[in-house]
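Everything on this sheet refers to the single structure shown next.
Because the structure is a prediction, the values reported are computed rather than measured.
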Amino acid sequence: IDTAEINIISVGHRNPQGLFYDFDSNIIFSTDHGPKGGDEINIDFNPSLENIKNFGWPKSSYGVRYEEDINFKDKSGENRTLTKLAPLCKSHKKFGYIEPLKYFTPSIGITQIIKLTNYKEKNIHELMVASMGYDKHEDDMTIHKIDLDSSFIVINHEKYYIGERIRDIIQINDQYFLLALESAPSPSLGLIRF
């Protein structure tokens, strides 16, 4: 029944980009844009209102602030105060937060996340994210396929360079995927086969 009720089941996210709920395993896979670096894939096992999980933002991140760039000038001192409140520590677990399943430094401009549908055949969880970034050397404009074993440990990470900013992915069947691309001068669709 749709009650339009809103409940918080997790906190500590900076800029969630994608969510995938695995009904069979009762797991939420999510992606989160980090600051300058530190895009994350997070996993929330058995999400519930009684056990609200904290993924660490703004205290922990594997990225850095944009103003840490040597060309940034903070004339107001505002960012020194922000640094005290949100130091972006390079650990989550040490401060009682949940570590990301995987993080990307430098950032890839992470998209939504999908879980491929053939887990029962291979006994692994296959996840796919893509990149909206512009820099090929930072693995941008690329599809990232991440394999997890039955204990949800990353066992493989494959990258497929597409050459366009990828906004969205839809799995059509076991082999074909539809991509929403941000091409210049206009958006386009792509069909790929794995």
Side-chain angles (χ1 to χ4, degrees), residues 12-20 28-43 55-76 78-79 82-83 86-92 98-116 125-148 154-172 175-194:
H13 304 282
R14 179 179 181 268
N15 183 358
Q17 187 66 33
L19 294 171
F20 181 91
I28 295 175
F29 296 95
S30 66
T31 61
D32 200 2
H33 283 280
K36 187 176 181 181
D39 287 357
E40 296 179 353
I41 297 175
N42 289 300
I43 185 168
F55 290 88
W57 181 263
K59 178 124 185 188
S60 294
S61 174
Y62 290 103
V64 298
R65 288 181 185 75
Y66 287 101
E67 58 269 18
E68 290 180 24
D69 187 302
I70 59 170
N71 297 315
F72 182 85
K73 305 293 183 209
D74 179 19
K75 296 177 182 158
S76 68
E78 178 181 328
N79 290 306
L82 179 63
T83 301
L88 301 188
C89 303
K90 300 302 174 237
S91 172
H92 293 63
I98 297 174
E99 286 285 344
L101 178 70
K102 181 162 184 60
Y103 64 90
F104 298 85
T105 300
S107 291
I108 62 170
I110 199 163
T111 65
Q112 93 297 352
I113 186 166
I114 61 175
K115 182 179 177 213
L116 307 188
H125 301 272
E126 295 177 300
L127 306 176
M128 190 177 286
V129 299
S131 167
M132 294 183 285
Y134 290 103
D135 191 339
K136 177 181 181 179
H137 302 293
E138 294 182 353
D139 291 330
D140 296 346
M141 299 179 286
T142 300
I143 292 174
H144 297 258
K145 184 175 162 291
I146 293 126
D147 298 336
L148 312 174
V154 175
I155 56 172
N156 189 39
H157 177 192
E158 298 174 18
K159 300 175 230 178
Y160 304 93
Y161 180 68
I162 303 298
E164 303 276 354
R165 295 182 74 215
I166 305 161
R167 176 63 64 178
D168 202 3
I169 309 170
I170 297 172
Q171 183 174 7
I172 297 173
Q175 293 182 325
Y176 288 96
F177 297 82
L178 188 64
L179 306 178
L181 305 171
E182 283 193 14
S183 317
S186 63
S188 62
L189 295 175
L191 182 67
I192 61 168
R193 179 183 177 188
F194 281 99

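- The two atoms that bring Tyr134 and Asp140 nearest to each other are N-OD2, 3.2 Å, heavy atoms only.
- Side-chain contact check for Thr142 versus Ile162: every heavy-atom pair is 4.5 Å or farther apart.
- Partner Glu40 forms a side-chain hydrogen bond (donor to acceptor under 3.5 Å, both in side chains) with one of His33, His92, His13 and no other, that one being His92.
- In summary, the side chains of Gln17 and Asn15 do not present any donor paired with an acceptor at a separation below 3.5 Å, with no hydrogens or angles considered.
- Side-chain contact between Leu148 and Leu127 is present, with at least one heavy-atom pair separated by less than 4.5 Å.
- Contact record, Val154 with Leu101: CG2-O, 3.9 Å, taken as the closest heavy-atom pair.
- For the pair Lys115 and Glu126, the salt-bridge criterion is not met [side-chain N within less than 4.0 Å of a carboxylate O].
- At least one donor-acceptor pair closer than 3.5 Å links the side chain of Arg14 to the backbone N or O of Gly34.
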Audit row: His157, Lys145, side-chain contact (heavy atoms from CB on, under 4.5 Å) steps and yes/no | CA-CA 6 Å; His157 177 192; Lys145 184 175 162 291; over 6 Å; no

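- Proximity of Val129 to Phe20: side-chain heavy atoms (C-beta onward) are nowhere separated by under 4.5 Å.
- Relative ring orientation between Tyr103 and Tyr62 is described as parallel, the plane-to-plane angle staying below 30° on a 0-90° scale split at 30° and 60°.
- In this structure, Lys90 contributes its side chain and Gly63 its backbone to a donor-acceptor pair below 3.5 Å.
- Contact of the Trp57 side chain with the Leu88 side chain is registered, since non-hydrogen atoms from C-beta on lie closer than 4.5 Å.
- Nearest heavy atom pair, residue Pro100 against residue Asn42, reads CA-OD1, 3.3 Å.
- Residues Thr111 and Met132 have side chains in contact (heavy-atom distance under 4.5 Å, counting atoms from C-beta outward).
- Pro106 has its side chain within reach of Glu138: a pair of non-hydrogen atoms, C-beta onward, lies under 4.5 Å apart.
- Contact of the Lys159 side chain with the Ile143 side chain is not registered, since no non-hydrogen atoms from C-beta on lie closer than 4.5 Å.
- Minimum heavy-atom separation, Ser30 to Leu19: CB-CD2, 3.4 Å.
- If you take CD1 on Ile28 and CD1 on Ile113, they are separated by 11.5 Å, rounding to the nearest 0.5 Å.
- Taking all atoms of both residues into account, the shortest heavy-atom contact from Glu99 to Ser91 is OE2-OG, 3.6 Å.
- Using a 4.5 Å heavy-atom threshold, the side chains of Ile192 and Leu178 count as separate.
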Tell me, with the steps shown, if Ile146 and Lys102 meet side-chain contact (heavy atoms from CB on, under 4.5 Å).
-> CA-CA 9 Å; Ile146 293 126; Lys102 181 162 184 60; 4.2 Å; yes

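- Residue Asp139 comes nearest to Ile108 through the heavy atom pair O-CG2, 4.0 Å, listed as atom of the first residue, atom of the second, then distance.
- Each of Ser107, Ser61, Ser131 was scored for a side-chain hydrogen bond (donor to acceptor under 3.5 Å, both in side chains) with Asp39, with one residue passing: Ser107.
- We find the CE-CD1 distance between Met128 and Ile166 to be 9.5 Å, quoted to the nearest 0.5 Å.
- In this structure, His144 has its ring center closer than 6.0 angstrom to the ring center of Phe104.
- Side-chain atoms of Gln112 and Asp168 form a donor-acceptor pair, as typed in the model, at a separation below 3.5 Å.
- The main-chain N or O of Ile41 is never found under 3.5 Å from a side-chain atom of Thr31 such that the two would form a donor-acceptor pair.
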